[in-house]
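For reference, the structure discussed in these notes is given below.
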Amino acid sequence: SFEIHDREGKPRLVRMLTWIEGRLWSQVKPHSPELLFALGAEAGALTRALQSFDHDYAHRQFDWDIARLSWVEKHLELFDGENRIIIEAFLERFKAIAERYAGLPRSVVHNDVNDNNILVGGEARQPKVAAIIDYGDAILTQTINDLAITIAYAAMAKPDPLQAACNVVKGYATKYSPGEEEVEVLYTLVAARLIISVTKSALNRQQEPENDYLLISEKPAWDLLKKWA
């Protein structure tokens with residue numbers, strides 16, 4: 001063991017960190033079909049790895065849990081016109097699958113595979129998904145949620161979001177194969193995650209209007225939600 005001191009001789013605590021090399025997904029363009037497939041495969045490998053994992057902290061109430069989507073109904077007044085119609089339609093669709101959804105397999109999931117939690121490595125001409133990082137939102141919920149969340153972010157800003165989603169699903173299935181009943185609700189769960197995202201953005205705009213990071217996904221989320229509808 002050893003101690004580290006500053007120039008004045010006072011002891012200091014130091015944290016040593018290891019780093020995974022790579023660029024953020026948000027900094028990589030374009031997202032080719034091959035890269036979307038690779039993202040799906042990495043997400044599927046993560047789902048498979050977490051099947052035997054559990055932790056007390058994963059058993060909690062959390063607004064970003066798709067299974068708790070109903071909380072957004074308290075904030076529908078934040079939206080009007082076409083936007084509110086879209087949200088209400090998907091909320092009804094979610095209620096229609098609620099019974100089947102509640103009985104689907106559950107496990108601890110990453111719960112936040114977004115543009116800034118995916119690292120891309122390799123050469124610029126042949127990028128590869130190096131890792132999925134940041135487990136702060138991990139939670140015990142329906143396993144299929146993680147594929148829905150991965151799609152929700154990967155399909156943003158794509159000319160053909162359904163094709164992008166299919167590429168992710170194909171990659172995911174090479175590492176973890178979801179059941180037929182899980183796939184049947186996937187479309188609705190993607191929308192559910194987008195609804196949570198735009199609701200959080202609307203609330204954040206009220207509470208922290210100068211925090212640009214909290215609003216970073218708002219426009220692409222709305223664009224995708226309208227295409228999804």
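What's counted below: heavy atoms across the whole structure, side chains too, no hydrogens, waters or symmetry copies.
Under 3.5 Å, the side chains of His31 and Lys158 contain a donor-acceptor pair of N or O atoms.
Residue Leu203 holds its CG atom at 7.0 Å from OG1 of Thr199, rounded to the nearest 0.5 Å. Between the CG atom in Leu225 and the CG atom in Leu194 there is a gap of 5.5 Å [rounded to 0.5 Å]. Considering CG of Asp134 and CG of Asn117, their distance stands at 4.5 Å, rounded to 0.5 Å. Summarising the geometry, atom CD1 belonging to Ile144 is positioned 14.5 Å from atom CZ belonging to Arg106; distances are rounded to the nearest 0.5 Å. If you take CG on Leu76 and CG on Leu78, they are separated by 8.5 Å, rounding to the nearest 0.5 Å.
Crowding of Glu99 atom CD: a count of heavy atoms from other residues, nucleotides or ligands under 6.0 Å not exceeding 12. Shown here is Lys10, whose NZ atom has no more than 12 heavy atoms of other residues, nucleotides or ligands within 6.0 Å. When the shell of 6.0 Å around CG of Leu17 is examined, it contains more than 12 heavy atoms from other residues, nucleotides or ligands. Within 6.0 Å of atom CD in Gln27, more than 12 heavy atoms from other residues, nucleotides or ligands are found, so the atom counts as buried in its surroundings.
No side-chain heavy atom of Arg12 sits less than 4.5 Å from a side-chain heavy atom of Glu3. A heavy-atom distance below 4.5 Å is not found between the side chains of Val28 and Leu24. Residues Leu39 and Phe37 form no side-chain contact, since every pair of their non-hydrogen atoms from C-beta on lies 4.5 Å or further apart. Considering only heavy atoms from C-beta on, Arg193 comes within 4.5 Å of Asn111 through its side chain. Counting heavy atoms from C-beta on, the side chains of Val185 and Glu181 never come closer than 4.5 Å. Under the 4.5 Å side-chain criterion, counting only non-hydrogen atoms from C-beta, Pro105 is not in contact with Gln142. Looking at Tyr176 and Thr143, their side chains come closer than 4.5 Å, going by heavy atoms from C-beta outward. Between Trp25 and Asn116 the shortest side-chain heavy-atom distance does not fall below 4.5 Å.
At a threshold of 4.5 Å between side-chain heavy atoms, the hydrophobic network of Ile, Leu, Val, Met, Phe, Trp and Tyr places Leu162 and Trp222 in one connected group. One hydrophobic cluster, built from ILVMFWY side chains closer than 4.5 Å, holds both Phe53 and Val113. Note on Val129 and Ile133: separate hydrophobic clusters, where clusters join Ile, Leu, Val, Met, Phe, Trp and Tyr whose side-chain heavy atoms are under 4.5 Å apart, directly or indirectly.
Distance alone, capped at 3.5 Å, places no donor-acceptor pair between the Arg84 side chain and the Gly81 backbone. A donor-acceptor pair is defined here as one N or O able to donate and one able to accept, closer than 3.5 Å; no such pair exists between the side chain of Gln126 and the backbone of Glu123. Between the side chain of Asn114 and the main chain of Tyr153, no donor-acceptor pair closer than 3.5 Å is present. Judged by distance alone, with hydrogens and angles left aside, the side-chain atoms of Asp65 form no donor-acceptor pair with the main-chain N or O of Arg68 at under 3.5 Å. For Ser177 (side chain) and Ala173 (main-chain N/O), no donor-acceptor pair under 3.5 Å exists by modelled atom type. In this structure, the side chain of Lys95 does not engage the main chain of Leu91 through any donor-acceptor pair within 3.5 Å. Under a 3.5 Å cut-off, the side chain of Asn204 and the backbone N or O of Glu208 do not form any donor-acceptor pair. In this structure, the side chain of Asn83 does not engage the main chain of Phe79 through any donor-acceptor pair within 3.5 Å.
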Item to check | Candidate pair Tyr172 and Thr47, rule side-chain hydrogen bond (donor to acceptor under 3.5 Å, both in side chains), full reasoning | outcome: CA-CA 9 Å; Tyr172 188 87; Thr47 297; 2.8 Å; yes
- Chi angles and distances behind the side-chain hydrogen bond (donor to acceptor under 3.5 Å, both in side chains) call for Ser197, Ser217: CA-CA 8 Å; Ser197 180; Ser217 293; 5.2 Å; no
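Taking His75 as the reference, Trp71 meet the ring-ring contact (aromatic ring centres under 6.0 Å, His included) condition, with sequence neighbours excluded.
Residue pairs meeting the ring-ring contact (aromatic ring centres under 6.0 Å, His included) criterion with at least one member in residues 98-134, sequence neighbours excluded: Phe94-Tyr101, His110-Tyr135.
Contact between Arg60 and Ala138 at its shortest, heavy atoms only, is NH2-O, 2.7 Å. Residues Ile149 and Ile66 come closest through the heavy atom pair CG1-CD1, 4.0 Å.
Cation-pi geometry between Arg93 and Phe90 is not met at under 6.0 angstrom from the ring centre and within 45 degrees of the axis.
Looking at Asp223 and Lys227, no side-chain N of the basic residue comes within less than 4.0 Å of a carboxylate O on the acidic one, giving no salt bridge.
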